[in-house]
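In what follows, a single structure is set out as structure tokens and then discussed.
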Protein chains: 2
Amino acid sequence: MSNSTSGQAFAKHDHRHCIKAALKQASRICGERNGRLTAQRKRVLELVWKNHKPVGAYAILEQLRAEGFNGAPPTVYRALDFLLEHGLIHRIESLNAYTGCAHPGEQHTGQFLICSQCQRVAELDDPKVKTAICNSAALLGFEADHQVIEIRGLCPQCQDH
Amino acid sequence: MSNSTSGQAFAKHDHRHCIKAALKQASRICGERNGRLTAQRKRVLELVWKNHKPVGAYAILEQLRAEGFNGAPPTVYRALDFLLEHGLIHRIESLNAYTGCAHPGEQHTGQFLICSQCQRVAELDDPKVKTAICNSAALLGFEADHQVIEIRGLCPQCQDH
DNA sequence: AATCGTTATGTTATAGTATAACAACTTCAG
DNA sequence: CTGAAGTTGTTATACTATAACATAACGATT
Ligand SMILES: [Zn+2]
Ligand SMILES: [Zn+2]
Ligand SMILES: [Zn+2]
Ligand SMILES: [Zn+2]
């Protein structure tokens, strides 16, 4: 089961559950695949999950340094690469930033709703969207493989005023 | 009328027509809006349209320098910003690169098919895709504004072998 | 426990992408 | 001609990401 219902990022919720669930899932998935969720990788994953706002590699680095870690960019990028490879986080191309995956372990390619105001991101995985794209691509004989879908707009809470 | 039928990028065609049409449209659109298509901006647009492969800002800079221009990054980025603002080019987020717009002047947000092998890009504007996304977003109360859609895969010609 | 290949991390330097800030020049309406 | 707006030049710097090589931790095997 997923650790985050679609769109939950925009609803009021106890985010500690998100974090806890994400770590638990990560642990399980790494166990199944012989991936080693080391302390650093785990810490980076926690920082990515700190909230539903995508976070940049250098922001993570700053956090780690604030905690006494004395490291350099490659350390962070390696951790991020590991987490990406195991499907525990996604990269948001239009932000050069990273966000926790809401459906870890399941094979998928996320679709992201990004609030222009509060920066929070919700991950969707709507098969209709995927189908529409694949159909459209197929008409041109294009064989779709991976999709980057990042939608900017206003989340429910930021539409108010 | 658009200067490039959807998906033409992947078909055999006389690309000189693409370039010529793009420049003509650009000239018209800038005229209508009191945008000044200066020599530099025009040259950058030509370089972006050199083929259907997105091109990076620094690659453009190199080209310009090879032509005797002795400039710096801001010049290129300013030209790109101008062209983006007037809807004459698009930015491909997942490549940090720029590509000519196939429907300049028309209000739209492109959807891009990017061949992983030959790097060529075709621009779509499928209303079904847009609708599917907007519907999906609306279910969460999210008001979609701008969409980044970049599909990786293999173009018809690169699927052969 | 000692060994050894594999994986992970440390470290330094550098590549690649983008913008800030200010100066000089061009254009064009009045 | 003149002044305001827009454009380009120039220098420096911020931000994002990786190359390359050294060291350390791990884990299976002996
Ligand atoms: Zn949460
Ligand atoms: Zn918001
Ligand atoms: Zn063409
Ligand atoms: Zn191709």
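Computed from a prediction, not measured in an experiment: that's the story for all the values here. Chain letters run A, B, ... following the sequence lines, proteins first and then strands; every chain starts at 1.
- A:Arg78 comes within contact range of at least one nucleobase, with a heavy-atom separation under 4.0 Å.
- Protein atom CG of B:Leu83 is 14 Å distant from nucleotide atom C1' of D:dT7, rounded to whole Å.
- Look at OH on B:Tyr77: it is 7 Å from P on C:dT19, rounded to the nearest Å.
- Distance, B:Glu62 CD to C:dA15 P: 13 Å, rounded to whole Å.
- Taking the six-membered ring for Trp and thresholds of 30 and 60 degrees, B:Phe142 and A:Phe10 have nearly parallel ring planes, at less than 30 degrees apart.
- Taking every side-chain heavy atom of B:Asn96 into account, C:dT17 is the closest of C:dT12, D:dG9, C:dT17.
- For D:dG9, the OP1/OP2 oxygens have a side-chain nitrogen or oxygen of B:Thr75 closer than 4.0 Å.
- Nearest-nucleotide assignment on DNA chain D puts the 5′-proximal partner with B:Arg36, out of A:Tyr98 and B:Arg36.
- Following rounding to the nearest Å, B:Leu80 (CG) and C:dA18 (P) show an atom-to-atom distance of 9 Å.
- Using modelled atom types and a 3.5 Å distance limit, the side chains of B:Gln25 and B:His103 yield no donor-acceptor pair.
- Between A:Leu95 atom CG and C:dT17 atom P the separation is 18 Å, expressed in whole Å.
- Distances shown here put a side-chain N or O of B:Thr38 below 4.0 Å from the OP1 or OP2 atom of D:dT8.
- Taking every side-chain heavy atom of A:Pro74 into account, D:dT18 is the closest of C:dG10, D:dT18, D:dT10.
- Screening B:Thr99, B:Val148, B:Ile151 against B:Phe112 for a side-chain contact (heavy atoms from CB on, under 4.5 Å) leaves a single residue, B:Thr99.
- Across all strands, B:Phe69 comes closer than 4.0 Å only to sugar-phosphate atoms, never to a base (heavy-atom distances).
- Comparing A:Asn34 and B:Ala97 by the nucleotide of DNA chain C whose heavy atom lies nearest to each, the residue mapping closer to the 5' end is A:Asn34.
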task = Would you please test B:Glu150 and B:His90 for side chain to side chain donor-acceptor pair (under 3.5 Å) and show each step?
result = CA-CA 12 Å; B:Glu150 302 172 4; B:His90 291 286; over 6 Å; no
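- A:Arg91 contributes no side-chain N or O that, together with a main-chain N or O of A:Leu84, makes up a donor-acceptor pair within less than 3.5 Å.
- When distances run from any side-chain atom of A:Pro73 to the nucleotides D:dT18, C:dT9, D:dT10, the shortest one goes to D:dT18.
- Positionally, the nearest nucleotide of DNA chain C for A:Asn70 lies more toward the 5' end than for the other of A:Asn70 and A:Tyr58.
- Spacing between atom NZ of A:Lys42 and atom P of C:dA8 amounts to 17 Å, rounded to whole angstrom units.
- The separation between A:His86 atom NE2 and C:dA8 atom P is 8 Å, rounded to whole Å.
- In this structure, the CG atom of A:Leu61 is 15 Å from the P atom of D:dT18, given to the nearest Å.
- Remark: B:Arg91 is in phosphate contact with C:dA18, judged by side-chain N or O atoms under 4.0 Å from OP1 or OP2.
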